Amino acid sequence: MAASVATRIYPFMPSGAADGTTQLISGAVALNDLTASPRFGLKGGGSADWLGQHGIPIPGVNRIGEHRGMRVLRLGNEDILLLAEDAAETLADVKAIWQAAPAPKGYSSWREEGWAWMRLSGPRLAEAMCSLCALDLRSQKFGADDIAQTRVGHIEAVTFRSPAGFDILFDITASAYFARAVAAVAGHTA
């Protein structure tokens, strides 16, 4: 008898909490949902050392590094998030080694379940981000390897640049609210 496998349902998926309540916008400002994309967060004593001992370069706090196609976000001394949008296999290898390893190695912060991952892009992105976030996120002030832990769209969030725009991570329960906030701002920037 095959073991059952739980299927994750994220807010904007069919039967998700935000399904049918809010549309993700496209056009001059576009909002894409990456919440189902692979990621792995580690927190607690030993996290940074364990990753470093396994060849993953750890950037400074609030900076982004790279390892074999994954983005390595250091949110605190011992709070690190691996994003593997295009490196699922690499991330799966890291997770398997981590799960089998003895402590100290930190603990899973469950970022793959607790955080939504959205990407804002489009030709009016700069104007939209000015309305959504009080920080100066212009490229001369906020670099490609910078992380801001701030408020975006009136919610606590982590934001950083992606090749297409800005990625925003926040509490998954605020997904529909965030999408509505972005749609409202986009309506004023068109």
Side-chain angles (χ1 to χ4, degrees), residues 7-41 62-66 69-75 79-88 91 109-190:
T7 301
R8 290 185 177 146
I9 297 175
Y10 297 104
F12 290 102
M13 291 179 157
S15 302
D19 181 32
T21 64
T22 305
Q23 296 293 316
L24 299 178
I25 61 169
S26 60
V29 178
L31 182 63
N32 293 297
D33 183 11
L34 303 175
T35 305
S37 299
R39 66 200 116 139
F40 182 51
N62 286 326
R63 295 284 185 265
I64 300 173
E66 193 275 331
M70 295 187 301
R71 287 186 284 172
V72 180
L73 283 66
R74 190 170 192 182
L75 306 173
D79 187 356
I80 298 153
L81 177 62
L82 306 174
L83 299 177
E85 185 178 358
D86 298 316
L91 181 63
S109 56
W110 296 104
R111 302 292 194 205
E112 64 272 28
E113 293 186 9
W115 276 5
W117 178 6
M118 299 282 180
R119 178 166 293 152
L120 271 169
S121 60
R124 307 298 291 261
L125 174 63
E127 293 165 73
M129 284 304 283
C130 282
S131 296
L132 290 166
C133 182
L135 292 180
D136 184 351
L137 298 173
R138 293 176 298 158
S139 60
Q140 63 269 33
K141 297 287 186 179
F142 189 73
D145 67 339
D146 287 331
I147 296 171
Q149 299 187 51
T150 184
R151 295 179 70 81
V152 180
H154 306 289
I155 59 174
E156 298 295 321
V158 173
T159 191
F160 48 94
R161 292 184 178 281
S162 69
F166 282 94
D167 284 7
I168 299 117
L169 304 164
F170 54 88
D171 186 325
I172 199 167
T173 61
S175 295
Y177 175 84
F178 183 75
R180 286 192 296 270
V182 170
V185 166
H188 295 292
T189 60

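Computed from heavy atoms alone, side chains included, the values below leave out hydrogens, waters and symmetry copies. Nothing here was measured: the structure is a model prediction, and the numbers come from that model.
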Nearest heavy-atom approach of F12 to A179 is CZ-CB, 3.7 Å
Working to the nearest 0.5 Å, report the span between OG1 of T35 and CZ of F170.
-> 6.5 Å
Taking 4.0 angstrom as the limit, do R74 and D79 come out as a salt bridge?
-> no
Taken in chain and number order and not counting sequence neighbours, the residues that satisfy side chain to side chain contact (heavy atoms under 4.5 Å, CB included) with L34 are S37, E85, W117, R119, D167
Is any side-chain heavy atom of Y177 closer than 4.5 Å to a side-chain heavy atom of T22?
-> no
Q23 atom CD, over 12 foreign heavy atoms within 6.0 Å | no
Would you mind reporting whether L81 and L169 have side-chain heavy atoms less than 4.5 Å apart?
-> yes
Any ring pair (Phe, Tyr, Trp, His ring centres under 6.0 Å) involving residues 124-164? Give me the pairs, sequence neighbours left out, ordered by first then second residue.
-> none
About how many Å separate CG of D86 and CZ of R71, when rounded to the nearest 0.5 Å?
-> 9.0 Å
Qualifying residue for side chain to side chain contact (heavy atoms under 4.5 Å, CB included) with I25, from N32, L120, V185, L31 = L31
Please report the closest heavy-atom contact between A88 and P38, naming both atoms and the distance.
-> CB-CG, 3.7 Å
Output the distance between atom CD (E127) and atom CZ (R124), rounded to the nearest 0.5 Å.
-> 4.0 Å
Which heavy atom in A174 sits nearest to a heavy atom in I155, and how many Å separate them?
-> CB-CD1, 4.0 Å
Heavy-atom closest pair (S121 atom, A164 atom, distance to 0.1 Å) is CB-O, 3.2 Å
Under 3.5 Å, side chain of R39 to main-chain N/O of W115, donor-acceptor pair present?
-> yes
Should M129 and T159 count as side-chain neighbours, where that means a heavy-atom distance under 4.5 Å?
-> yes
Got S139 and R161 here, is their nearest side-chain heavy-atom distance under 4.5 Å?
-> yes
State, to 0.1 Å, how close V29 and A186 come at their nearest heavy-atom pair, and which atoms those are.
-> CB-CB, 3.8 Å
To the nearest 0.5 Å, atom CG of N62 lies from atom CG of L75 at 7.0 Å
Shortest non-hydrogen contact from I168 to A157?
-> CG2-CB, 3.8 Å
Atom CG of L91 and atom CE of M70: how far apart are they, to the nearest 0.5 Å?
-> 6.0 Å
Report yes or no: does D19 contribute a side-chain atom to a donor-acceptor pair with the main-chain N or O of G16 at less than 3.5 Å?
-> no
Salt bridge R151-E156, side-chain N to carboxylate O under 4.0 Å | yes
Distance from D145 atom CG to R63 atom CZ, nearest 0.5 Å?
-> 5.5 Å
